[in-house]
Asks: 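Here's a structure for you.
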Amino acid sequence: MSKFKQLYKPLLDRAQWQAPEETAVEGTGFGHWLLEPDSLSRRFQRHCDHFTVSLIEQSKLGKSQLSDDERALIGDVDCLLRKVVLMGDGIPWVFARTLIPLSTLTGQESDLEQLGEMPLGLRVFTDRSARRDALVVANVGTYPEPLWARRSRLWINEKPLLVAELFLEDAPVYAKESQSWN
Ligand SMILES: C=C(O[C@@H]1C=C(C(=O)O)C=C[C@H]1O)C(=O)O
């Protein structure tokens with residue numbers, strides 16, 4: 001099992017998700033990253049010379065293994081599970097876990113199963129129908145070091161997928177300059 005899965009999946013599993021307005025993230029430097037409505041991948045590309053995705057795992061997840069939260073957001077459906085690490089200039093920035101209902105992997109979206117190390121967001125957000133909702137955030141760090149995560153539902157051609165992202169220690173979201181609006 002990769003160190004990323006061993007280290008980071010438990011952190012996402014125990015996240016106590018909150019709506020952004022219930023937290024103090026809005027208007028902060030890191031908040032602009034956590035609340036990014038467009039593609040995070042596109043934003044990361046602007047903050048490094050070489051943005052890459054490393055595929056950690058891709059497998060089928062039976063509907064019985066969904067959490068109640070997940071089931072409420074994407075339905076009681078079998079899914080494709082995709083786990084990746086997003087890297088800027090080779091430095092791990094985000095651990096991401098995505099649930100794509102098999103019913104979303106149909107028609108024009110059947111290619112999502114063969115993404116490999118192509119960033120999911122660059123594929124999804126090229127579609128004019130793409131939108132993000134149900135965004136929640138959580139601090140899964142240990143005081144005084146925050147470690148922020150977010151989860152949101154993406155829609156493409158009115159079909160959902162659920163993305164959870166853990167912003168790792170070296171991500172630009174924690175950089176001093178991110179305190180400015182950008
Ligand atoms: C949804 C996006 O895609 C990003 C890339 C992912 C992947 O390649 O699996 C998963 C989550 C995101 O961090 C995005 O760019 O906003």
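In each ligand, atom 1 is the first atom listed, and ligand 1 is the first ligand listed. Heavy-atom basis, side chains included; hydrogens, waters and symmetry copies ignored.
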Asks: So, is V53 polar-close to ligand 1, with some N/O to N/O distance under 3.5 Å?
Replies: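 No, no N or O pair falls under 3.5 Å.
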Asks: If you measure from each non-hydrogen atom of K83 to ligand 1, which part falls under 4.0 Å: side chain, backbone, both or neither?
Replies: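 No part of K83 is near ligand 1 at this cut-off.
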Asks: Angle class for the W148/F30 ring planes (parallel below 30°, perpendicular above 60°, tilted otherwise)?
Replies: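 Correct class here is parallel.
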Asks: Please work out whether any backbone atom (N, CA, C, O) or any side-chain heavy atom from C-beta onward of L120 is under 4.0 Å from ligand 1, and answer side chain, backbone, both or neither.
Replies: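 Both backbone and side chain.
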Asks: What I want to know is whether R150 and ligand 1 share at least one N or O pair that is separated by under 3.5 angstrom.
Replies: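 Min N/O separation from ligand 1 is not below 3.5 Å for R150.
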Asks: Quick check: does L40 get an N/O under 3.5 Å from an N/O on ligand 1?
Replies: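 By distance alone, the answer is yes.
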Asks: If we set the cut-off at 4.0 Å for heavy atoms, which region of V124 has an atom near ligand 1: side chain, backbone, both, or neither?
Replies: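 Neither; nothing of V124 gets under 4.0 Å from ligand 1.
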Asks: Do other residues, nucleotides or ligands put more than 12 heavy atoms under 6.0 Å from Q114 CD?
Replies: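 Result for CD/Q114: enclosed.
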Asks: For atom 9 (O) of ligand 1, what's the nearest protein heavy atom and its distance?
Replies: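 Atom 9 (O) of ligand 1 sits closest to the protein heavy atom R82 NE, 2.7 Å.
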Asks: Checking D69 against W17: is there a side-chain donor and acceptor pair closer than 3.5 Å?
Replies: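 Not at all, the side chains of W17 and D69 share no donor-acceptor pair under 3.5 Å.
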Asks: If the cut-off is 4.0 Å to any non-hydrogen atom of R132, which atoms of ligand 1 fall inside it?
Replies: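 Reading through ligand 1 atom by atom, the close ones are 16 (O).
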Asks: Which part of S39 is near ligand 1, with near meaning a heavy atom under 4.0 Å away: side chain, backbone, both or neither?
Replies: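 For S39, the contact with ligand 1 is made by both the backbone and the side chain.
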Asks: Say whether R42, considering both its backbone and side-chain N or O atoms, lies within less than 3.5 Å of an N or O atom on ligand 1.
Replies: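 N/O-N/O distance below 3.5 Å does not exist for this pair.
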Asks: Cation-pi check for W33 against R43: NZ or CZ below 6.0 Å from the six-membered ring centre and within 45 degrees of the axis, yes or no?
Replies: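 Positive - R43 is close enough to the ring of W33 and near enough to its axis.
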Asks: So is T98 polar-close to ligand 1, meaning N/O to N/O under 3.5 Å?
Replies: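 No, since none of the N or O atoms of T98 sits under 3.5 Å from an N or O of ligand 1.
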Asks: What protein heavy atom lies closest to atom 13 (O) of ligand 1? Include the residue and the distance to one decimal.
Replies: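 Heavy-atom neighbour on the protein nearest atom 13 (O) of ligand 1: E165 OE2, 2.7 Å.
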Asks: Heavy-atom contacts with V163 under 4.0 Å: which atoms of ligand 1 show up? List them by number with element.
Replies: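 Going through ligand 1 atom by atom, the ones under 4.0 Å from V163 are 11 (C).
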Asks: Find all atoms of ligand 1 within a distance of less than 4.0 Å from any non-hydrogen atom belonging to S41, and give their numbers and elements.
Replies: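 Near S41, the atoms of ligand 1 are 3 (O), 4 (C), 5 (C), 14 (C), 15 (O).
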Asks: With heavy-atom distances below 4.0 Å as the criterion, list the atoms of ligand 1 near P119.
Replies: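 In order of numbering, the contacting atoms are 8 (O).
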Asks: Below 4.0 Å, non-hydrogen atoms only: which portion of L86 touches ligand 1? Side chain, backbone, both or neither.
Replies: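 The side chain, only.
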Asks: Starting from V163, can I reach W93 by hopping between I/L/V/M/F/W/Y residues whose side chains sit under 4.5 Å apart?
Replies: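 Different hydrophobic clusters.
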Asks: Quick one: do R151 and E165 make a salt bridge, cutoff under 4.0 Å?
Replies: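 Salt bridge between R151 and E165, a charged N being under 4.0 Å from a carboxylate O: no.
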Asks: Between K63 and D78, does at least one N-O distance fall below 4.0 Å, as a salt bridge requires?
Replies: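 Between D78 and K63 there is no salt bridge, as every charged N stays at least 4.0 Å from the carboxylate O atoms.
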Asks: Looking at K60 and E113, does any basic side-chain N land under 4.0 Å from a carboxylate oxygen?
Replies: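 The answer is yes: the pair qualifies as a salt bridge.
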Asks: Taking V94 as the fixed residue, which of L40, V85, V84 is the one that meets the side-chain contact (heavy atoms from CB on, under 4.5 Å) rule?
Replies: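 For V94, the side-chain contact (heavy atoms from CB on, under 4.5 Å) test succeeds with only one of L40, V85, V84, which is L40.
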Asks: Could you tell me whether the side chain of R82 and the main chain of I100 form a donor-acceptor pair under 3.5 Å?
Replies: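 Checked: no pair found.
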Asks: Note the single closest protein heavy atom to atom 1 (C) of ligand 1, along with its residue, its atom name and the distance in Å.
Replies: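 Protein heavy atom at minimum distance: L154 CD1, 3.6 Å.
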Asks: Name the closest protein heavy atom to atom 10 (C) of ligand 1, giving the residue it belongs to and the distance to 0.1 Å.
Replies: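 Checking every protein heavy atom, the shortest distance to atom 10 (C) of ligand 1 gives A96 CB, 3.7 Å.
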Asks: Below 3.5 Å, N or O to N or O, backbone or side chain included: is there any such pair between G121 and ligand 1?
Replies: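 The answer is yes, given that G121 and ligand 1 share an N or O pair closer than 3.5 Å.
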Asks: Just by distance, with hydrogens left out, do S59 and K83 show a side-chain donor and acceptor under 3.5 Å apart?
Replies: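 Result is no, nothing qualifies.
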Asks: Strictly by modelled atom types, are S129 and D127 linked by a side-chain donor-acceptor pair under 3.5 Å?
Replies: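 The criterion, which ignores hydrogens and geometry beyond distance, is satisfied for D127 and S129.
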